[in-house]
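Take a look at the structure set out below.
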Protein chains: 2
Amino acid sequence: MKIDGIDKTIIKMLINDARTPVLSIARKVGVSGAAIHQRLKKLEKSKLIEGYKMIVNPKSLGYTTTAFIGVFLDASSQLAPTIKSLKAIPEVVESHYTTGNYAVFIKVLCKNNEDLMYLLNKDIQNIKGVLRTETFISLEQHINRQILI
Amino acid sequence: MKIDGIDKTIIKMLINDARTPVLSIARKVGVSGAAIHQRLKKLEKSKLIEGYKMIVNPKSLGYTTTAFIGVFLDASSQLAPTIKSLKAIPEVVESHYTTGNYAVFIKVLCKNNEDLMYLLNKDIQNIKGVLRTETFISLEQHINRQILI
DNA sequence: AATGAAAGAAGCACAAC
DNA sequence: GTTGTGCTTCTTTCATT
């Protein structure tokens with residue numbers, strides 16, 4: 001998959017605003033709308049573009065607490081059922097199988113610290129195989145971006 | 001800010017595909033396009049909607065390694081210059097000021113483990129005030145989603 | 001790959017209910 | 001809040017280069 005300057009402009013403009021009309025990209029780069037349209041379809045087919053998402057502000061929904069949780073599993077635990085249990089917790093927005101101390105590393109969004117405590121003590125601790133957890137609460141997020149193209 | 005069922009449908013459809021036309025949302029919920037259009041403008045003004053973003057697949061760009069890095073800073077270090085240095089590293093996609101062991105907790109995307117090693121030993125370690133780091137490489141990501149509305 | 005043209009679809013604003 | 005309407009703009013396809 002070769003990406004030239006025009007493709008980069010398309011991607012940059014749509015990363016910035018996914019609802020940007022094809023025609024306004026076309027005017028920006030100085031080619032026809034049909035050309036941009038065809039390039040965009042090709043980019044979408046190439047799997048370089050995963051999709052277009054509206055980004056909802058969690059704070060507007062009352063989710064003010066972000067935390068990362070390292071989860072220790074006992075040696076005999078299977079990963080699959082643990083993941084399934086984590087998926088059932090709506091506050092869990094990311095889950096990774098990681099090297100290092102933890103077996104599973106998750107990112108959660110909670111309405112407040114009390115809800116986080118409840119999530120830790122009830123939802124997480126009650127998952128079969130979970131030994132203990134280590135929590136890092138994000139007091140402030142300074143960087144939030146995608147990889148550069 | 002009150003959100004009713006129609007608003008939820010708008011949000012759900014646009015989270016799924018930010019380029020969904022207003023009129024196809026309108027047909028889905030059974031109201032006029034103008035009504036959806038006006039609701040959407042109101043939602044955008046309310047800051048509940050942060051924006052619309054094209055999601056690029058990092059793997060398509062060769063970024064196959066995701067890692068979380070806990071950064072220890074010496075006690076006298078200021079946070080602001082550290083953040084500035086981190087912002088200058090394009091692989092750093094998230095940065096949080098956290099409670100717990102670390103001062104700063106970051107998420108990085110690298111092309112491979114060698115690049116990650118370089119990033120740790122050169123880019124990160126050379127930042128003034130950084131004492132040491134702890135790295136968790138994500139071997140697999142099972143969950144990646146937004147908070148439910 | 002890009003273009004221009006053309007038809008249908010969608011966006012948007014406004015008056016009216 | 002919602003609707004209908006009218007105008008503008010955009011999307012999408014296709015024959016052409």
Side-chain angles (χ1 to χ4, degrees), chain A residues 1-63 111 144-149, chain B residues 1-63 111 144-149:
Chain A
M1 187 68 204
K2 276 187 282 184
I3 305 290
D4 67 9
I6 294 179
D7 294 320
K8 283 189 184 174
T9 305
I10 295 171
I11 293 169
K12 277 179 185 165
M13 287 186 78
L14 289 173
I15 281 181
N16 182 251
D17 177 6
R19 286 177 79 80
T20 308
V22 165
L23 279 179
S24 80
I25 303 172
R27 283 188 292 267
K28 181 91 159 190
V29 302
V31 297
S32 72
I36 300 294
H37 181 259
Q38 285 165 201
R39 279 169 175 266
L40 187 54
K41 292 300 157 202
K42 192 182 289 184
L43 288 168
E44 286 168 356
K45 272 198 204 118
S46 80
K47 307 294 176 195
L48 193 144
I49 297 176
E50 282 198 358
Y52 306 91
K53 297 213 178 304
M54 170 192 276
I55 309 298
V56 173
N57 182 355
K59 283 181 186 159
S60 292
L61 294 168
Y63 288 85
K111 297 210 171 187
N144 188 20
R145 61 189 179 194
Q146 290 193 55
I147 202 72
L148 286 180
I149 54 132
Chain B
M1 185 70 203
K2 276 187 283 186
I3 305 291
D4 68 8
I6 294 179
D7 293 320
K8 283 190 184 173
T9 305
I10 296 171
I11 293 169
K12 275 179 185 162
M13 288 185 78
L14 288 173
I15 281 181
N16 183 253
D17 177 6
R19 285 176 78 81
T20 308
V22 165
L23 279 179
S24 81
I25 302 172
R27 285 188 291 267
K28 182 90 160 192
V29 302
V31 297
S32 71
I36 300 295
H37 181 258
Q38 285 164 199
R39 278 169 175 266
L40 187 53
K41 292 302 158 200
K42 191 182 290 186
L43 287 168
E44 286 168 356
K45 272 198 205 118
S46 80
K47 306 295 177 195
L48 194 144
I49 298 175
E50 282 199 358
Y52 307 91
K53 296 210 179 303
M54 169 190 277
I55 309 299
V56 172
N57 182 355
K59 283 182 185 155
S60 291
L61 295 169
Y63 289 84
K111 297 210 171 185
N144 188 19
R145 62 189 177 193
Q146 290 192 55
I147 202 71
L148 286 181
I149 55 133

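Letters go in sequence order (proteins before strands), and every chain restarts at 1.
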Taking the side chain as every heavy atom from C-beta outward, state whether [X] and [Y] have any pair of such atoms under 4.5 Å apart.
X	Y	result
B/Lys2	B/Asp7	no
A/Ile36	A/Leu23	no
B/Leu148	A/Leu61	no

Problem set entry | Closest non-hydrogen atom pair between B/Met54 and A/Gln146, with its separation |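 Here B/Met54 and A/Gln146 meet closest at O-NE2, 2.9 Å.
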
Could you check how far [atom1] of [X] sits from [atom2] of [N], rounded to whole Å?
X	N	atom1	atom2	answer
B/Leu23	D/dT2	CG	C1'	15 Å
A/Ile25	D/dC10	CD1	P	11 Å
A/Ile36	C/dA2	CD1	P	8 Å
B/Asp17	D/dT11	CG	P	13 Å
A/His37	D/dC10	NE2	C1'	10 Å
B/Arg39	D/dT3	CZ	P	9 Å
B/Gln38	C/dA13	CD	P	10 Å
B/Lys41	D/dG1	NZ	P	17 Å

Go through [options] for me and flag the one nearest to the [X] side chain.
X	options	result
A/Ala34	D/dT3, D/dT13, C/dG11	D/dT13
B/Val31	D/dT3, D/dT2, C/dA10	D/dT3
A/Pro21	C/dA2, D/dT13, D/dT11	D/dT11
A/Val22	C/dA2, D/dT2, D/dT11	D/dT11

For this session: Go through the steps for B/Arg39 and B/Asp4 under the test salt bridge (Lys or Arg N to Asp or Glu O under 4.0 Å), then give the verdict.
Result: CA-CA 11 Å; B/Arg39 278 169 175 266; B/Asp4 68 8; 2.9 Å; yes

Problem set entry | Any A/Arg19 side-chain N or O less than 4.0 Å from OP1/OP2 of D/dT11 |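 Checking D/dT11 against A/Arg19, no side-chain N or O comes under 4.0 Å of OP1 or OP2.
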
For this session: Compare side-chain N and O positions of B/Lys42 against OP1 and OP2 of D/dG1 and report whether any pair is under 4.0 Å apart.
Result: yes

